[in-house]
Amino acid sequence: MAEYEDTKMGRIMHYIDRKANFGKTLSVYDAKRAANIAYDAGMRDAVDRVSELKWGILDLNTIISDNYSIICTSPGTYRLKIDDKGWITFNSIEEAKHFASEDYKNRIKKALGL
């Protein structure tokens, strides 16, 4: 019996071998199911590997990243703007960055159909 790595791909390969009765035949249904499992695993892995947003300083009170900007309007008040969707207020810059990061990842998931 083959040894399998404890990775997504290893588990997929084990599934294929099991359904192929370890070297005999594999039904079309099981082959398509394995392909779908592999595709889904690859898409989810792509989302997991997405880098965090890179922030740059625009001026003393503003930082920006692609479609996001955060402005410090007063001590302890930070406003995040996503594209042209309006402003969202946060109590810390970390909260605003976290919200922007989650929005970014959700956009990628939506684009990938996840």
Asker: Find the distance between CG (Asn67) and NZ (Lys85) and round it off to the nearest 0.5 Å.
Answerer: 9.0 Å

Asker: Can you see which heavy atom on Ile70 is nearest to which on Tyr78, and at what distance?
Answerer: CG2-CB, 4.1 Å

Asker: Only counting residues at least two apart or in another chain, list the ones meeting side-chain contact (heavy atoms from CB on, under 4.5 Å) with Lys81.
Answerer: Ser69, Asp84, Trp87

Asker: Kindly write out the residues that satisfy side-chain contact (heavy atoms from CB on, under 4.5 Å) with Ala41, not counting sequence neighbours, or none if the list is empty.
Answerer: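 Expected list: Lys8, Ile12.
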
Asker: Could you give the distance from CD1 (Ile71) to OG1 (Thr77), rounded to the nearest 0.5 Å?
Answerer: 12.5 Å

Asker: Looking at NZ of Lys105 and CG of Leu53, how far apart are the two atoms once the value is rounded to the nearest 0.5 Å?
Answerer: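 Answer for the NZ-CG pair, Lys105 versus Leu53, is 9.0 Å.
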
Asker: Which residues satisfy the side chain to side chain donor-acceptor pair (under 3.5 Å) test with Thr73, sequence neighbours excluded?
Answerer: none

Asker: Only counting residues at least two apart or in another chain, list the ones meeting ring pair (Phe, Tyr, Trp, His ring centres under 6.0 Å) with Phe90.
Answerer: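 With neighbours one apart ignored, the set is Phe99.
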
Asker: Please report, to 0.1 Å, the donor-acceptor pairs under 3.5 Å made by any side chain of residues 106-114, with sequence neighbours excluded.
Answerer:
unit_1	atom_1	unit_2	atom_2	d
Asn106	ND2	Glu102	O	3.2
Arg107	NE	Asp103	OD2	2.9
Arg107	NH1	Asp83	OD2	2.9
Arg107	NH2	Asp83	OD2	2.7

Asker: Got a donor-acceptor contact below 3.5 angstrom from the Tyr104 side chain to the Tyr68 backbone?
Answerer: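 Side chain of Tyr104 to backbone of Tyr68: no pair is present.
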
Asker: Can you list the residues that meet the side chain to side chain donor-acceptor pair (under 3.5 Å) rule with Ser92, with sequence neighbours excluded?
Answerer: none

